[in-house]
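Every chain is numbered from 1, with letters handed out A, B, ... down the list of sequences.
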Protein chains: 2
Amino acid sequence: MSATDAVTHVSDASLRKLIGYHMKRAFNVVQVDLVQTLKPFDLRMLTYTTLVLIKDNPGLRQSQLADAMDIERPNLVKIIDELEGRSLIIRDRVPNDRRAYALKPTPQGEILCNKAIKSVEQHEDQLLAGLDESTRSSLITALQLIQKSEPNRTP
Amino acid sequence: MSATDAVTHVSDASLRKLIGYHMKRAFNVVQVDLVQTLKPFDLRMLTYTTLVLIKDNPGLRQSQLADAMDIERPNLVKIIDELEGRSLIIRDRVPNDRRAYALKPTPQGEILCNKAIKSVEQHEDQLLAGLDESTRSSLITALQLIQKSEPNRTP
DNA sequence: TATTGTTATACTCTATAACTATA
DNA sequence: TATAGTTATAGAGTATAACAATA
């Protein structure tokens with residue numbers, strides 16, 4: 001194609017080889033779906049993940065939670081604030097360490113969390129209707145492998 | 001586990017079923033790697049993608065590019081500004097339509113782009129060393145399937 | 001000294017409304 | 001009137017440095 005022709009079809013051939021390209025685009029679709037699914041519960045992906053982890057691990061410290069979620073401690077503060085402000089969790093005290101909080105779900109937090117989990121699972125099942133069971137599980141396996149691989153920290 | 005025990009190991013059992021959870025974490029690893037790889041070229045994921053698409057589709061309009069990249073037109077402006085300011089691309093004129101620009105790579109833009117593509121491919125190959133060829137290709141296939149699936153726009 | 005949570009800050013990516021100049 | 005590019009702006013998510021209270 002000459003550079004003066006009008007572009008009628010955009011080629012992404014050079015990008016299609018890259019996992020990152022496919023992952024970003026696929027994740028976008030999943031995330032749009034997830035955001036829509038969580039909207040009735042007034043949750044975002046981050047607040048949802050936070051609530052689920054606290055429900056499954058009552059007594060968790062904020063630093064442990066940040067580690068588990070792979071985000072920095074300061075960024076967790078306002079998320080916790082939001083969930084606590086809505087009385088979905090509480091900042092209880094850790095015995096014998098007055099620096100730390102023991103994060104726990106409230107009864108209403110647990111109820112909302114369980115409803116949200118159910119809805120998310122249903123919607124995701126619908127979203128992945130085009131993928132059979134073996135495709136799904138090998139996808140998860142591959143994603144976990146990537147997660148464990150050490151990124152090159154040096155260029 | 002009682003709620004008063006200290007949490008020693010964080011369980012993410014409720015999240016592990018969700019594709020979005022794995023995708024976000026895996027994408028994070030890939031992106032950290034990509035950012036590091038692109039640093040020597042002074043490119044980010046967005047500027048890299050933009051440069052590659054312009055190199056592969058000279059004459060592209062900004063609106064076409066935004067469509068292809070799945071971002072909003074306004075968000076593309078400063079990316080184009082940056083690449084043009086570094087003389088990697090030019091905003092040429094589309095014949096017969098003085099509203100639109102025809103985006104084209106400069107010679108130095110093409111050279112940098114080719115070097116960057118090579119480096120990105122090498123680093124990604126290293127990053128995915130733990131995945132054999134068939135796992136990689138079925139991963140890409142699965143990601144493309146997800147990309148094509150219609151997200152539920154209604155909760 | 002080191003750690004927990006916090007504040008302040010900044011940078012990137014994203015999304016929307018409204019403008020201008022052209023068609 | 002519709003479209004291409006732009007401006008301004010606001011909201012998320014992310015990252016770092018520095019602080020107070022506590023270990």
Side-chain angles (χ1 to χ4, degrees), chain A residues 6-7 20-21 23-25 27-29 31-32 34-36 38-39 42-50 54 59-85 89-103 153, chain B residues 6-7 20 23-25 27-32 34-36 38-39 42-50 54 59-85 89-103 153:
Chain A
V7 177
Y21 179 66
M23 229 140 88
K24 183 176 186 179
R25 296 174 80 93
F27 177 60
N28 230 335
V29 171
Q31 220 215 350
V32 166
L34 199 49
V35 166
Q36 282 302 319
L38 292 174
K39 200 156 274 175
D42 212 351
L43 292 170
R44 314 187 298 284
M45 188 157 178
L46 273 175
T47 50
Y48 172 71
T49 306
T50 303
I54 292 172
L60 207 59
R61 293 165 177 233
Q62 288 184 204
S63 51
Q64 290 179 305
L65 185 51
D67 271 3
M69 293 176 65
D70 246 322
I71 65 176
E72 298 302 317
R73 284 40 128 215
N75 296 326
L76 192 56
V77 175
K78 53 186 176 303
I79 297 173
I80 300 289
D81 283 349
E82 185 184 330
L83 292 174
E84 193 183 34
I89 63 167
I90 55 165
R91 277 191 246 234
D92 208 349
R93 278 295 172 187
V94 167
N96 305 326
D97 189 345
R98 289 178 41 210
R99 292 172 306 178
Y101 290 123
L103 302 170
R153 297 276 168 184
Chain B
V7 176
M23 227 140 85
K24 183 175 186 180
R25 296 174 79 92
F27 178 61
N28 229 333
V29 171
V30 172
Q31 221 216 352
V32 165
L34 199 49
V35 166
Q36 282 303 319
L38 291 173
K39 199 156 274 177
D42 212 352
L43 293 170
R44 314 185 300 282
M45 189 156 178
L46 274 174
T47 50
Y48 172 71
T49 306
T50 304
I54 292 173
L60 207 60
R61 292 168 177 233
Q62 288 184 204
S63 51
Q64 290 179 304
L65 185 52
D67 271 3
M69 291 176 66
D70 246 322
I71 65 176
E72 299 302 317
R73 284 39 128 217
N75 296 326
L76 191 56
V77 175
K78 54 185 174 304
I79 297 172
I80 299 290
D81 283 349
E82 186 184 331
L83 292 174
E84 193 184 32
I89 62 167
I90 56 164
R91 276 191 248 235
D92 208 350
R93 278 295 172 186
V94 167
N96 304 326
D97 190 343
R98 288 179 38 209
R99 295 173 303 180
Y101 290 121
L103 302 171
R153 297 278 168 183

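Taking only side-chain atoms of B/Arg44, from C-beta outward, the nucleotide of C/dT12, C/dA15, D/dG5 with the closest atom is C/dT12. Between D/dG13, C/dT14, D/dT6, one nucleotide has an atom nearer to the side chain of A/Leu46 than all others, and that is D/dG13. For B/Arg61, counting side-chain heavy atoms from C-beta on, the closest listed nucleotide (D/dT6, D/dA4, D/dA17) is D/dA4. In this structure, of D/dA23, C/dT6, D/dG5, it is D/dA23 that holds the atom nearest to the side chain of A/Asp97.
At a cut-off of 3.5 angstrom, the base of D/dA15 holds at least one donor-acceptor pair with the side chain of A/Asn75. For A/Arg98 against D/dT22, no side-chain N or O and base N or O form a donor-acceptor pair under 3.5 Å.
For the pair A/Arg99 and D/dA20, the criterion of a side-chain N or O lying under 4.0 Å from OP1 or OP2 is not met. Contact annotation: B/Ser63 does not reach the phosphate of D/dT3 (side-chain N/O to OP1 or OP2, under 4.0 Å). Put simply, A/Gln31 has no side-chain N or O that comes within less than 4.0 Å of OP1 or OP2 on C/dT14. A close approach under 4.0 Å does not occur between any side-chain nitrogen or oxygen of A/Gln64 and OP1 or OP2 of C/dT4.
For A/Arg73 (side chain) and A/Gln62 (main-chain N/O), no donor-acceptor pair under 3.5 Å exists by modelled atom type. Proximity of a side-chain donor or acceptor of B/Glu82 to a complementary backbone N or O of B/Thr47 within less than 3.5 Å is not detected. Within the 3.5 Å criterion, the main-chain N or O of A/Val7 finds a donor-acceptor partner in the side chain of B/Gln64.
The OH-P distance, from A/Tyr101 to D/dA21, rounds to 12 Å in whole Å. D/dG11 atom C1' lies 14 Å from atom CD1 of A/Ile79, rounded to whole Å. Nucleotide D/dA15 holds its P atom 13 Å from the CG atom of A/Asp67, rounded to whole Å. Rounded to whole Å, the distance from CG on B/Leu43 to C1' on C/dT12 is 15 Å. At whole-Å resolution of the value, CE in B/Met69 and C1' in D/dG5 are 16 Å apart. In this structure, A/Leu65 places its CG atom 13 Å from C1' of C/dT4, rounding to the nearest Å. Separating the CD atom of A/Glu72 from the P atom of D/dA17 is a distance of 10 Å, rounded to the nearest angstrom. When the C1' atom of D/dA17 is taken as reference, atom CZ of A/Arg73 falls 14 Å away, rounded to whole Å.
Annotation: side chain of B/Lys24 is in contact with side chain of A/Leu46 (closest heavy-atom distance under 4.5 Å).
When heavy atoms are screened at a 4.0 angstrom cut-off, B/Gln62 is found touching the sugar-phosphate backbone but no base atom. Residue contacts shown for B/Ile71 are limited to sugar-phosphate atoms, with no base heavy atom under 4.0 Å away.
Along DNA chain C, the nucleotide closest to A/Ala100 and the one closest to A/Pro74 are compared, and the more 5′ of them pairs with A/Ala100. Mapping A/Asp70 and B/Lys78 onto DNA chain D by nearest heavy atom places B/Lys78 at the nucleotide closer to the 5' end. Remark on DNA chain C: of its neighbouring residues A/Arg91 and A/Lys24, the 5'-side contact belongs to A/Arg91, judged by nearest-heavy-atom nucleotide. For the pair B/Val77 and A/Met45, nearest-nucleotide mapping onto DNA chain D gives the more 5' position to B/Val77.
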- Task: Would you check, one step at a time, whether the test side-chain contact (heavy atoms from CB on, under 4.5 Å) holds for A/Leu65 with A/Ile80?
- Result: CA-CA 10 Å; A/Leu65 185 51; A/Ile80 300 289; 4.0 Å; yes
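Contact between B/Ala100 and B/Arg61 at its shortest, heavy atoms only, is CB-NH1, 3.5 Å.
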